[in-house]
Amino acid sequence: MTVRTRFAPSPTGFLHIGGARTALFSWAYARKHAGQFILRIEDTDVARSTPEAVQAILDGMNWLGLSWDEGPFYQMQRMERYREVIDQMLTEGKAYRCYCSREELDALREQQMASGLKPRYDGRWRPEPGKLLPEVPAGVEPVIRFRNPQAGVVEWNDLVKGSISIANSELDDLIIARADGTPTYNFCVVVDDWDMGITQVIRGDDHVNNTPRQINLLQALGATVPQYAHLSMILGDDGQKLSKRHGAVSVTQYHDDGYLPEAVLNYLARLGWSHGDDEIFDMAQFCQWFDLDHITPSAAQFNTEKLNWLNAHYIKLADLERLSADVAQRLSAQGVSVAAEPALPAVLALYRERANNLNELAASVAYFYRMPPIDEAAYAKHVSADVLPLLQSLSDALQQAEWTVEAIHAALDQVVKAAEVKFPKLAMPLRVLLTGGAQSPSIDAVMCLLGRETTLQRMHLPLAS
RNA sequence: GUCCCCAUCGUCUAGAGGCCUAGGACACCUCCCUUUCACGGAGGCGACCGGGGUUCGAAUCCCCGUGGGGACGCCA
């Protein structure tokens, strides 16, 4: 049987890091087994679902490169099918109408909580042989409830957590259709997973408690029960649960923050899953290695520093043209337009080893394309009066020097030797004048890229005043 | 409250009874490289939640405790 997995987000917000990892694992599992990965949008909560959120999820998936083979399917477009199944269940006595008002249910819940019980529906409208049902109240639209088994236990072998069993006595008759006729989550999931032939349900472990209900429903429908794999949640950098208020951001925010998708993917892959001591691998490798046996059942804390490390790694590896296109955009967003010279790829080749993210990288090379603001402290420290003669003689030497790193280096050496000073005595003030700050790659390489004209011009700043 | 789940360095993790004086990675510290800052290289620091069992032997299996998390919606 071919593997079919799915990612089924509800479009009530963006695709966050936890959802992205769930999608990644489902995707990788399908790829590993040469199966299909299906995208399904669970939009039955009409009040909270938005088209913007759908788009945000699609954007996130696309940025990460998690491609789906079927879908996106929208549950709101499958209403007819749900109704058909509900009608059939009603006919077969597998579901029934319940005329309890919300107030009634709230009161029941409160009362049960107060007496230390697990709140659940008491089955007052559940038909039983010989049982007298209450009189149908006028003007109340009923909900439809599933007739859940009352005895026995539901047990499944969770592919991540191992055997889990929950007694049916813990469950109640869940509502599968609201008073307005729209079906509810647990029901739609079941019908969809069934219709779509899902073989492995890989999802967050906040769904563990839904699983026995879904299994009961599936069995009532005569459907094959898929395998389940429940992934533990991802905690924030501070160990706290992620929420809108607290650290949960869209995966596309990582793009804005200068992360490469391959870095985010690699990081996510290692969060809760491992392959021995392997830390760095691409998605092709991941799809070969991925399995559910090596998923950690416990929650994982997000660690931005490790993500940064991976990002820096992938920046060093990235194709220079691709990097240039990205960095040019970031620069232009800051009002810096990239000139033809020096060529951005060559500049990035010099700088990519020192950046943790693309924004840093862009900021660090901006001085090639516009006069940088000078770090005053660095200026005061390095550009003292006694270096002015050095700058002057270097300037002289540079006028007719061949413009190569070697020749520039020779000129620097010559000035330093003649003045009997250490190399940094000249290199540091140059750094400050040319780049605006005290840190840069090898100064001769910087000068070479900057070009003769700009170099001399910036060098002459203190000489002129 | 009830039910379910989880528990190895600060963090991500390796670990399927002997290979464990517990391995790797990030972070941190030291040194090396060096033209500053990085990069890179070499070292270092640092953990099996507690208690009982089972066993010749337990980080690994069982039980209890403790701690953490999740679920208990006409949300998904």
Side-chain angles (χ1 to χ4, degrees), chain A residues 8-12 42-45 47-49 75 98 100-102 105-106 109 112-120 141-145 158 160-162 164-167 169-172 174-186 188-189 204-212 230 232-233 235 237 239 241 267 270-280 293-294 296-310 312 316 351-356 364 378 382 409 412 416 422-428 430-432 435 437-445:
Chain A
S10 60
T12 55
E42 312 216 317
D43 54 357
T44 54
D45 184 355
R48 294 196 301 155
S49 298
Q75 290 185 323
C98 166
C100 281
S101 66
R102 288 174 199 258
L105 291 171
D106 287 345
R109 192 172 303 128
Q112 287 167 328
M113 285 283 247
S115 49
L117 293 169
K118 183 172 183 165
R120 49 184 188 267
E141 280 304 318
V143 299
I144 314 290
R145 286 184 185 271
D158 195 276
V160 171
K161 293 178 187 284
I164 298 178
S165 63
I166 294 173
S169 58
E170 292 297 326
L171 273 25
D172 63 2
L174 81 159
I175 294 172
I176 58 177
R178 303 178 180 92
D180 67 6
T182 58
T184 60
Y185 167 75
N186 279 111
C188 296
V189 166
D205 74 355
D206 48 334
H207 288 293
V208 167
N209 294 274
N210 289 324
T211 305
H230 287 100
S232 292
M233 57 186 306
L235 272 20
D237 242 329
K241 185 185 174 178
Y267 179 72
R270 278 289 286 103
L271 200 58
W273 175 84
S274 62
H275 184 267
D277 288 340
D278 295 302
E279 296 285 353
I280 293 176
D293 300 333
H294 292 83
T296 319
S298 55
Q301 192 171 315
F302 195 87
N303 186 229
T304 304
E305 286 180 325
K306 191 157 183 179
L307 205 212
N308 287 343
W309 169 71
L310 278 167
K316 285 175 207 140
Y351 266 91
R352 67 195 323 196
E353 305 226 318
R354 15 194 356 112
N356 278 321
S364 70
H382 298 293
H409 187 82
L412 288 163
V416 161
K422 301 238 189 213
F423 198 93
K425 183 72 184 173
L426 177 59
M428 291 311 292
L430 273 177
R431 274 202 174 86
V432 175
T435 75
Q439 288 102 48
S440 84
S442 203
I443 195 63
D444 41 23

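Order of the sequence lines fixes the chain letters, A, B, ..., with proteins taken first and strands second; residue numbering starts at 1 for each chain.
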If we take the C1' atom in both B:A27 and B:U11, what is their distance in whole Å?
8 Å
Just how far, in rounded Å, is C1' of B:U35 from NE2 of A:His382?
12 Å
Rounded off to whole Å, could you give me the CD-to-C1' distance for the A:Glu353 and B:U36 pair?
16 Å
Indicate, with a heavy-atom threshold strictly under 4.0 Å, whether A:Gly239 touches base, sugar-phosphate, or nothing.
nothing
Nearest-Å distance once atom P is located in both B:A47 and B:U21:
15 Å
When you check every protein heavy atom under 4.0 Å of nucleotides 70-76 of chain B, what one-letter string (B, S, -) results, 5' to 3'?
BSBSBBB
Within a strict 4.5 Å, meaning less than it, do heavy atoms of the A:Asn303 and A:Trp309 side chains meet?
no
Kindly compute the distance separating CD1 (A:Ile164) from CG (A:Asp205), expressed to the nearest 0.5 Å.
8.5 Å
Could you tell me whether the side chain of A:Leu310 reaches within less than 4.5 Å of the side chain of A:Arg270, counting heavy atoms only?
no
Classify A:Ile443 by what it touches in the nucleic acid, base, sugar-phosphate, or nothing, heavy-atom distance under 4.0 Å.
base
So A:Thr44 and A:Thr182, do their side chains get closer than 4.5 Å, heavy atoms only?
no
Between P of B:A25 and CD1 of A:Ile280, the distance in whole Å:
10 Å
Taking NZ from A:Lys306 and P from B:U13, how many angstroms apart are they, rounded to a whole number?
9 Å
Give none if B:C72 has no partner; otherwise give the nucleotide forming a Watson-Crick or G-U wobble pair with it, both distances under 3.5 Å.
B:G1
Under 4.0 Å between any heavy atoms, over every strand shown, what does A:Ala300 touch: base, sugar-phosphate, or nothing? Just pick one.
sugar-phosphate
What is the ring orientation for A:His409 with A:Phe423, classed by angle as parallel under 30°, tilted 30 to 60°, or perpendicular over 60°?
parallel
Over how many whole Å does the gap from A:Gln301 atom CD to B:C12 atom P extend?
5 Å
Please classify the nucleic acid contact of A:Ser232 as base, sugar-phosphate, or nothing, using heavy-atom distances under 4.0 Å.
nothing
Ignoring hydrogens and angles, are the base of B:U35 and the side chain of A:His409 linked by a donor-acceptor pair under 3.5 Å?
yes
For nucleotides 62-66 of chain B, which of its nitrogen or oxygen atoms have a protein nitrogen or oxygen under 3.5 Å away, and what is each distance?
none

Using the P atoms only, state how far B:C45 lies from B:C29, rounded to an integer number of Å.
16 Å
For B:A7 versus B:C48, give the span between their P atoms, rounded off to a whole number of Å.
16 Å
5′-ward residue of the pair A:Ala427/A:Gly276 relative to RNA chain B
A:Gly276
Just N and O in the side chain of A:Lys316: are any of them under 4.0 Å from OP1 or OP2 of B:G40?
yes
Give one of base, sugar-phosphate or nothing for A:Asp444, where a contact means two heavy atoms less than 4.0 Å apart.
base
Name the nucleic acid region contacted by A:Ser442, choosing base, sugar-phosphate or nothing; use a 4.0 angstrom heavy-atom cut-off, strictly under.
base
Taking the side chain as C-beta and beyond, is there a heavy-atom pair between A:Asp206 and A:Met233 under 4.5 Å?
no
Between A:Trp273 and A:Pro424, who's closer to the 5' end of RNA chain B by nearest nucleotide?
A:Trp273
Please report the distance separating the C1' of B:G68 from the corresponding atom of B:A14, rounded so that it comes out in whole Å.
23 Å
If we only count heavy atoms from C-beta on, is the A:Ser232 to A:Lys161 side-chain gap below 4.5 Å?
yes
Quick one: A:Asp277 CG to B:G15 P, roughly how many Å, whole number?
9 Å
Flag the pair A:Asn308 / A:Thr304 as yes when at least one side-chain heavy-atom distance between them is below 4.5 Å, and no otherwise.
yes
Could you check whether any side-chain heavy atom of A:Pro212 comes within less than 4.5 Å of a side-chain heavy atom of A:Leu171, counting everything from C-beta outward?
yes
Any-strand Watson-Crick or G-U partner of B:C61, both distances under 3.5 Å
B:G53
Mind checking the CG-NE2 spacing from A:Asn210 to A:His230? Nearest 0.5 Å is all I need.
8.0 Å
With heavy atoms under 4.0 Å as the rule, sort A:Thr296 into base, sugar-phosphate or nothing.
sugar-phosphate
B:C4 phosphate, OP1 or OP2, under 4.0 Å from A:His230 side-chain N/O
no
Taken to the nearest whole Å, OH/A:Tyr267 to C1'/B:A25 is 11 Å
Taking side chain as C-beta onward, heavy atoms only, is A:Arg178 less than 4.5 Å from A:Glu141?
no
Which base, if any, makes a Watson-Crick or G-U wobble pair with B:C26, both distances under 3.5 Å?
B:G10
For atom C1', what is the distance between B:U8 and B:G46, given to the nearest Å?
12 Å
Please determine, for B:C19, whether a Watson-Crick or G-U wobble partner exists with both distances under 3.5 Å, and give it or none.
none
Considering only the C1' atoms, how many Å lie between B:G51 and B:G15, rounded to the nearest integer?
23 Å
B:C28 C1' sits how many Å from A:Asn303 CG, rounded?
13 Å
Do you see a donor-acceptor pair shorter than 3.5 Å between the side chains of A:Thr435 and A:Arg431?
no
Write down the distance separating the C1' atoms in B:C31 and B:G69, rounded off to the nearest Å.
43 Å
